[in-house]
Amino acid sequence: MVLKNYTKLLIPFSFSNCDINTIDQKTVIKNNKEFNKWIKNDFSTQHLLQNINNKISDNKDAIGKSYLFNSSIRRDYGLPHNPKIPITMISRQKGLDEKFRFNISNVFLILFETNVGFLEFEVNYDIKTYDEYLNINYFLAEIKSDSNIFEYEVSISKNETIHEQFNFKNIIFKLLEDIECIYGFDKNYKLSFCDYKPITFSVLIFDKKPDNIDELIEKGRNNFKDSYKTFQLNNQLKTFENSVWGVSTSGAINISYLVDDEITNNFFLTTFISNTKAQYYYLFLLVLNQRFTLLKRLEQINAIDKKIDVSKKGNVEKAITFVNSLSSKTSLFEVRCNFAVTSTVSHINNVYNLLRKEMQINELINDLDKKIIYLSHLSNTLNNQYNSIINKNNEKIAFIQDIKQTNLSIWILIVTDIIGSINIFATSWGIIEKVTGTVLNQESLLIIFPIFVTAIFFIAILFKLISKYNELKLLKIKYKRFLESVS
């Protein structure tokens with residue numbers, strides 16, 4: 001029989017344009033009074049390294065903040081005003097109505113500097129058997145299903161109550177309405193974050209050791225129904241003789257049971273429950289941040305346009321900026337959010353290592369690191385391609401300018417040859433007349449001199465003209481070959 005239990009349902013999401021340090025400044029007006037919607041929440045961690053203690057806290061070096069939903073305004077958000085009021089869930093499956101009872105003791109909001117967040121519902125199930133736990137946990141996690149009905153009793157007078165129904169998805173959207181640009185982790189990476197099945201963290205204390213504890217762990221860690229047939233793997237962790245952990249990408253579960261030892265039993269019924277929240281759940285959140293941050297980075301890489309127009313400088317600069325930004329964020333993540341050791345206590349470290357292993361943290365890191373390396377190669381290639389295009393464009397412009405300049409030089413030489421020949425002939429004619437004191441005519445032998453001088457000038461210019469023309473032909477041949485090489 002299940003003696004004690006609690007489960008945390010976590011809805012992961014990513015966000016932007018939100019200061020994680022100022023969430024507690026959001027207020028709600030109720031009966032002309034102002035209430036803070038979220039209240040700062042600190043974990044009472046124990047047996048963790050000092051630098052790990054401050055990871056989710058109000059410390060200036062923290063990577064995340066935890067906030068508690070103000071219980072004074074629960075009714076305004078559709079929840080029972082008293083956390084102890086039981087909620088009935090009616091799950092309609094295959095035409096049958098299954099009823100489960102639970103209560104939502106607290107609601108938390110955990111936000112990380114990596115722009116990953118989790119909305120947490122801490123629930124207690126009204127159960128006696130493990131099968132009841134499996135079924136309610138399974139159906140409650142189906143938040144996206146509209147077939148689930150939730151209701152609770154509301155007193156309208158001293159002797160009269162009514163049943164009030166609520167929609168779980170609507171409550172979630174309303175709780176998160178203060179966070180802008182919020183996205184889920186569904187396959188399309190859109191706003192429909194309720195399509196992603198919540199991650200669960202459960203702790204159950206049994207009155208004695210269950211006969212099929214391996215099967216219970218396997219179903220519990222995967223959030224399976226009791227009817228699911230499982231294949232047990234050797235991926236459990238026994239931290240004490242009577243305490244076993246199981247973890248998967250769907251969540252984590254601890255099953256403990258009483259033994260023939262009053263001191264041990266007292267510890268598990270009291271201290272152990274609080275320890276799981278102060279130590280193991282805290283580490284669970286840190287690992288979830290690692291997992292979903294890495295998933296988000298990989299999704300961002302996957303969304304890169306595979307057809308980048310390298311002829312446009314803006315496209316290349318955008319791609320290079322993206323790669324540099326991603327590389328910088330990943331380095332910061334590795335320094336601040338990724339760590340191998342969390343405690344001086346071995347079994348706490350063992351649980352943390354199991355969480356990381358089953359959440360595939362090392363595999364995701366390796367995948368991301370490889371992709372960033374390839375992205376760096378890609379950005380260098382894009383930059384080289386762009387520079388090559390610029391160089392070829394500059395070379396083309398230089399060819400065109402040289403051809404224009406040579407054409408202009410040819411026309412200048414032609415004009416110079418004509419005008420110069422006329423001027424030289426006239427000038428030399430005048431010099432001969434002045435020197436000889438006679439007027440030259442066509443029959444005079446002295447006319448040979450201006451003709452000779454003019455001919456020398458004309459021929460000299462003609463040679464230059466021929467040289468320029470040949471230069472122009474060569475330029476056009478080179479330009480044609482250049483165009484053929486870049487086409």
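- Side chains of T342 and N349: a donor on one and an acceptor on the other come within 3.5 Å.
- Looking at M89 and I136, their side chains come closer than 4.5 Å, going by heavy atoms from C-beta outward.
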**OP:** Could you walk me through whether R356 and N338 pass the side chain to side chain donor-acceptor pair (under 3.5 Å) test, one step at a time?
**Re:** CA-CA 10 Å; R356 280 176 56 92; N338 188 33; 2.6 Å; yes

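- Ring-centre distance between F292 and F112: not below the 6.0 Å cut-off.
- Side chain to side chain, S243 and N254 meet the donor-acceptor criterion of an N or O pair below 3.5 Å.
- Under the 4.0 Å criterion applied to side-chain N and carboxylate O atoms, E113 and K329 are not assigned as salt-bridge partners.
- Environment of NZ in K30: crowded, with over 12 heavy atoms of neighbouring residues, nucleotides or ligands closer than 6.0 Å.
- At least one side-chain heavy atom of F166 sits less than 4.5 Å from a side-chain heavy atom of I87.
- Counting heavy-atom neighbours within 6.0 Å of F240 CZ, excluding the residue itself, gives a total above 12.
- Between F201 and Y6, the angle of the ring planes lies from 30° to 60°, which puts this pair in the tilted group.
- Taking NZ of K55 as the start and OG1 of T45 as the end, the distance is 12.5 Å to the nearest 0.5 Å.
- The pair K238-E241 fails the salt-bridge criterion, with no side-chain N (NZ, NE, NH1 or NH2) lying under 4.0 Å from an Asp/Glu carboxylate O.
- Note that OG of S14 is 11.5 Å distant from CG of L111, once rounded to the nearest 0.5 Å.
- Atom-to-atom distance recorded for D207:CG and N265:CG is 10.5 Å, nearest 0.5 angstrom.
- Counted within 6.0 Å of CG on N394, heavy atoms from surrounding residues, nucleotides or ligands total more than 12; the atom is thus considered enclosed.
- A donor-acceptor pair shorter than 3.5 Å can be found between the side chains of N289 and T293.
- Side-chain contact between D214 and Q236 is present, with heavy atoms from C-beta onward closer than 4.5 Å.
- Under the 30°/60° scheme for interplanar angles, the aromatic rings of Y228 and Y138 are found to stand perpendicular.
- A donor-acceptor contact closer than 3.5 angstrom is absent between the side chains of E358 and S248.
- Under the 4.5 Å side-chain criterion, counting only non-hydrogen atoms from C-beta, T344 is not in contact with H47.
- Taking 4.5 Å as the limit, every side-chain heavy atom of I348 sits out of range of all side-chain heavy atoms of T239.
- Between the side chain of N59 and the backbone N or O of N54 there is no donor-acceptor pair closer than 3.5 Å.
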Subject >> Residue pair D42, S66: steps toward the side chain to side chain donor-acceptor pair (under 3.5 Å) verdict >> reply: CA-CA 7 Å; D42 283 329; S66 175; over 6 Å; no

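- Looking at Y77, Y67, F69 one by one, the single match for ring pair (Phe, Tyr, Trp, His ring centres under 6.0 Å) with W38 turns out to be F69.
- In this structure, the separation between CG on L79 and CZ on F168 is 7.5 Å, given to the nearest 0.5 Å.
- Under the 4.0 Å criterion applied to side-chain N and carboxylate O atoms, K219 and D226 are not assigned as salt-bridge partners.
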**OP:** Carefully, step by step, assess T88 and E151 under the rule side chain to side chain donor-acceptor pair (under 3.5 Å).
**Re:** CA-CA 5 Å; T88 300; E151 63 181 26; 5.2 Å; no

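- F102 has its side chain out of reach of T7: every pair of non-hydrogen atoms, C-beta onward, lies at least 4.5 Å apart.
- Crowding of D211 atom CG: a count of heavy atoms from other residues, nucleotides or ligands under 6.0 Å not exceeding 12.
- No side-chain donor-acceptor contact under 3.5 Å links S202 and N5.
- Looking only at atom types and distance, the side chain of R101 has no donor-acceptor partner in the side chain of N124 under 3.5 Å away.
- Counting heavy atoms from C-beta on, the side chains of I104 and Y152 never come closer than 4.5 Å.
- With a 4.5 Å cut-off on side-chain heavy atoms, R221 and V247 do not count as touching.
- For an aromatic pair to be called close, the ring centres must be under 6.0 Å apart, and W245 with Y280 satisfies this.
- Of the possible polar contacts, one joining the T270 side chain to the N266 backbone as a donor-acceptor pair under 3.5 Å is found.
- Here the CG-OG distance, from L283 to S343, works out to 8.0 Å after rounding to the nearest 0.5 Å.
- The number of heavy atoms from other shown groups lying within 6.0 Å of NZ (K174) is above 12.
- Ring geometry for Y281 versus F43: interplanar angle of 30 to 60°, hence tilted.
- Between the side chains of S72 and N70, a donor-acceptor pair is found at a separation under 3.5 Å.
- By the 30° and 60° cut-offs, the orientation of the rings of Y125 relative to Y133 is tilted.
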